[in-house]
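Structure first, commentary second.
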Amino acid sequence: VQVVESGGGSVQAGGSLRLSCAASGSTFDGYAVAWFRQAPGMERKGVARLNCTDGSTYYADSVKGRFTISSDSAKRSVYLQMNNLEPEDSTVYYCAATDFAPQYKASFFLNRLYDYWGQGTQVTVSS
């Protein structure tokens, strides 16, 4: 499956953005899809994960209550709704997919488990 992100942009603090991740050539059925973000010089960190098979979700503590990950009914797209954005949320966001389902939540955001990555989309939040 190929992964294509869209929806980044600029917003003021407290505002909202929705990122989209589209599956090209397939659907996300049978995959877990996660959103990661990476600041310059920092490691890529996961913020939200959706198991497209059973619909379960998992969030990093830093975004709980503000970000929501979901998919369309056809499982062709996965979305990240970001509300109450903060300047600290500014960075490049990546969508990634994997057909491997780790047993433990501690492994949910391991970069090496994800085989398919998008090109990234910039999110900028101004204060």
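The chain is numbered in sequence order, starting from 1.
- Every pair passing salt bridge (charged side-chain N to carboxylate O under 4.0 Å, His left out) that includes a residue from residues 67-80 is listed here, sequence neighbours excluded: Asp29-Lys75.
- Taking the side chain as every heavy atom from C-beta outward, Ser77 and Ser20 never approach each other to under 4.5 Å.
- By the salt bridge (charged side-chain N to carboxylate O under 4.0 Å, His left out) test, Asp54 is found to be paired with no residue, residues two or more places apart in sequence or in another chain being considered.
- Under a 3.5 Å cut-off, the side chain of Thr98 and the backbone N or O of Tyr114 do not form any donor-acceptor pair.
- Here the closest non-hydrogen pair linking Tyr31 and Ala97 is CD2-CB, 4.2 Å.
- Here the options are Val123, Val125, Asp89, the test is side-chain contact (heavy atoms from CB on, under 4.5 Å), and the partner is Met82; only Val123 passes.
- Side-chain atoms of Glu5 never come within 3.5 Å of backbone atoms of Cys21 as a donor-acceptor pair (strictly under, hydrogens ignored).
- Residues Val33 and Cys95 approach most closely at CG1-SG, 3.5 Å, considering heavy atoms.
- The two residues Asp115 and Asp99 come nearest to each other via the heavy atoms OD2-OD1, 4.1 Å.
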For Tyr94 and Arg44: C-alpha separation, side-chain torsions, deciding distance, then whether side chain to side chain contact (heavy atoms under 4.5 Å, CB included) applies.
CA-CA 9 Å; Tyr94 297 89; Arg44 196 169 294 185; 3.7 Å; yes

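- Not one N or O on the side chain of Ser26 forms a donor-acceptor pair closer than 3.5 Å with the backbone of Val1.
- Evaluation of the salt bridge (charged side-chain N to carboxylate O under 4.0 Å, His left out) test over residues 6-16, restricted to residues two or more places apart or in two chains, returns none.
- Under the 4.5 Å side-chain criterion, counting only non-hydrogen atoms from C-beta, Ser107 is in contact with Leu113.
- If you take OG on Ser62 and NZ on Lys45, they are separated by 8.0 Å, rounding to the nearest 0.5 Å.
- Between the CZ atom of Arg49 and the CH2 atom of Trp35 there is a distance of 15.5 Å, given to the nearest 0.5 Å.
- With values rounded to the nearest 0.5 angstrom, Ser24 atom OG is found 12.5 Å from Tyr116 atom OH.
- A pairwise comparison of heavy atoms in Val78 and Cys52 identifies CG2-SG, 4.1 Å as the closest pair.
- The minimum heavy-atom distance between Gly46 and Ala60, with the atom names listed, is O-CB, 3.5 Å.
- Here Phe28 pairs with nothing under the ring pair (Phe, Tyr, Trp, His ring centres under 6.0 Å) rule; sequence neighbours left out.
- Annotation: the span from Leu50 atom CG to Ile69 atom CD1 amounts to 5.0 Å, rounded to 0.5 Å.
- The list of ring-ring contact (aromatic ring centres under 6.0 Å, His included) pairs with a residue in residues 43-70, not counting sequence neighbours, reads Tyr58-Phe108, Tyr58-Phe109.
- By the 6.0 Å contact criterion, CD on Gln119 is enclosed, its count of non-hydrogen atoms from other residues, nucleotides or ligands being greater than 12.
- For the atom pair CG (Asn83) and OG1 (Thr68), the distance works out to 6.5 Å, reported to the nearest 0.5 Å.
- With sequence neighbours excluded, the residues satisfying side-chain hydrogen bond (donor to acceptor under 3.5 Å, both in side chains) with Tyr93 are Arg37.
- For Ser90 (side chain) and Thr124 (main-chain N/O), no donor-acceptor pair under 3.5 Å exists by modelled atom type.
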I would like to know whether Thr121 and Leu19 meet side chain to side chain contact (heavy atoms under 4.5 Å, CB included); could you show each step before the answer?
CA-CA 8 Å; Thr121 185; Leu19 306 182; 4.0 Å; yes

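- Distance check: Ser70 OG to Gln81 CD gives 8.0 Å after rounding to the nearest 0.5 Å.
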